[in-house]
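Working notes, structure below.
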Amino acid sequence: MSSSLEDMKGAPNQAGGGQGARRHPIQVRLTADAERALALHPTPLLVELELLFSCLIRKRVRFPATPHADAIPVPGTDPRLTLYFHPVCTKVCAIGDAEVPDLLTFPIRRVTPFIPRAVTLDYRKGAWVGDFYYPRELR
């Protein structure tokens with residue numbers, strides 16, 4: 001599988017690419033605990049929005065030290081966050097929230113419609129947690 005992703009204009013959707021992509025800014029919603037934790041964070045918090053395509057679709061918000069090489073930088077509404085979108089797939093059907101070995105970057109040709117519209121972040125028991133949403137989920 002190729003790791004090359006393209007947006008609707010055909011520009012590569014990899015880190016540093018796709019400057020011509022028509023991407024909407026992701027609406028950021030923070031809980032009060034997240035606001036307090038973010039105020040203490042010395043640098044922008046890295047947030048990776050992972051969409052897993054397998055026998056089921058799973059959404060997961062990750063907080064890695066560095067983004068995956070194929071993750072796509074996306075704009076957000078909060079400058080204290082650095083957001084990335086990373087569509088992935090598995091070699092075999094994997095159901096559940098457990099770690100999935102051998103994730104592959106999913107080669108979406110028109111990635112823009114799959115980029116989430118909003119992300120909600122919280123800080124609970126010393127760890128970041130979050131979820132992301134699409135238009136129908138925001139109603």
Side-chain angles (χ1 to χ4, degrees):
M1 248 182 233
S2 168
S3 65
S4 176
L5 302 172
E6 296 181 12
D7 67 15
M8 62 182 61
K9 292 186 176 187
N13 258 334
Q14 293 177 317
Q19 289 86 355
R22 289 185 279 158
R23 296 189 185 132
H24 50 272
I26 295 174
Q27 185 69 35
V28 176
R29 299 172 182 168
L30 301 168
T31 65
D33 289 338
E35 281 283 357
R36 282 189 288 278
L38 200 53
L40 300 174
H41 208 270
T43 60
L45 178 66
L46 178 65
V47 181
E48 194 170 276
L49 311 173
E50 182 181 272
L51 185 59
L52 171 69
F53 294 91
S54 186
C55 46
L56 297 174
I57 295 176
R58 178 186 76 190
K59 302 183 309 182
R60 185 168 73 166
V61 178
R62 299 181 60 241
F63 303 91
T66 58
H68 188 278
D70 292 331
I72 303 161
V74 291
T77 58
D78 192 320
R80 300 172 296 175
L81 304 174
T82 303
L83 300 173
Y84 286 85
F85 176 62
H86 189 211
V88 296
C89 62
T90 59
K91 292 180 181 179
V92 296
C93 181
I95 298 176
D97 289 332
E99 282 296 316
V100 180
D102 301 326
L103 284 179
L104 305 169
T105 297
F106 192 72
I108 298 175
R109 182 148 178 84
R110 291 184 58 225
V111 74
T112 304
F114 292 92
I115 295 174
R117 292 286 184 170
V119 61
T120 301
L121 301 179
D122 195 3
Y123 192 76
R124 292 186 219 142
K125 298 179 183 176
W128 288 100
V129 294
D131 200 359
F132 59 88
Y133 306 93
Y134 292 91
R136 290 185 189 260
E137 296 176 299
L138 294 173
R139 293 182 186 161

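Values reported hereafter were calculated over all heavy atoms of this structure, with side chains retained and with hydrogens, waters and symmetry mates removed. Residue indices begin at 1 and follow the sequence shown.
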Practice task
Would you please name every residue forming a side chain to side chain contact (heavy atoms under 4.5 Å, CB included) with I57, sequence neighbours left out?
Solution key: L51, F53
Exercise for the section: Kindly give the heavy-atom pair with the smallest separation between S54 and T90, and that separation in Å. Expected result: OG-OG1, 3.0 Å
Handout entry: Cluster overlap V61 with V129, hydrophobic side-chain contacts below 4.5 Å
Key = no
Handout entry: Side chain proximity check, K59 to Y134, heavy atoms < 4.5 angstrom
Key = yes
Problem - side-chain hydrogen bond (donor to acceptor under 3.5 Å, both in side chains) partners of T31, counting only residues at least two apart - result: D122
Exercise for the section: State, with a plain yes or no, whether a side-chain heavy atom of F114 is found less than 4.5 Å away from one of I72. Expected result: no
Fill in the blank from the handout: side-chain hydrogen bond (donor to acceptor under 3.5 Å, both in side chains) filter on D78, not counting sequence neighbours, yields R80
Practice task
Give me the one residue out of T66, L46, L49 that meets side-chain contact (heavy atoms from CB on, under 4.5 Å) with Y84.
Solution key: L46
Exercise for the section: Please collect all side-chain hydrogen bond (donor to acceptor under 3.5 Å, both in side chains) contacts where either partner lies in residues 42-51, sequence neighbours excluded, each pair once. Expected result: E48-R62, E50-R58, E50-R60
Handout entry: Heavy-atom closest contact (L30 atom, E35 atom, distance)
Key = CD1-OE2, 3.5 Å
Problem - Side chain proximity check, V28 to V47, heavy atoms < 4.5 angstrom - result: no
Handout entry: Atom pair OH (Y133) and OG1 (T120), whose distance is rounded to the nearest 0.5 Å
Key = 4.0 Å
Handout entry: Closest non-hydrogen atom pair between T82 and P44, with its separation
Key = OG1-CB, 3.5 Å
Exercise for the section: Quick one: do H68 and V88 satisfy side-chain contact (heavy atoms from CB on, under 4.5 Å)? Show the steps, please. Expected result: CA-CA 11 Å; H68 188 278; V88 296; over 6 Å; no
Exercise for the section: Hey, could you give me the CG/CZ distance between L121 and F63, rounded to the nearest 0.5 Å? Expected result: 5.0 Å
Handout entry: With sequence neighbours excluded, residues passing side-chain hydrogen bond (donor to acceptor under 3.5 Å, both in side chains) with D33
Key = R36
Exercise for the section: Indicate, with yes or no, if W128 and L81 share a hydrophobic cluster defined by side-chain heavy-atom contacts under 4.5 Å among Ile, Leu, Val, Met, Phe, Trp and Tyr. Expected result: yes
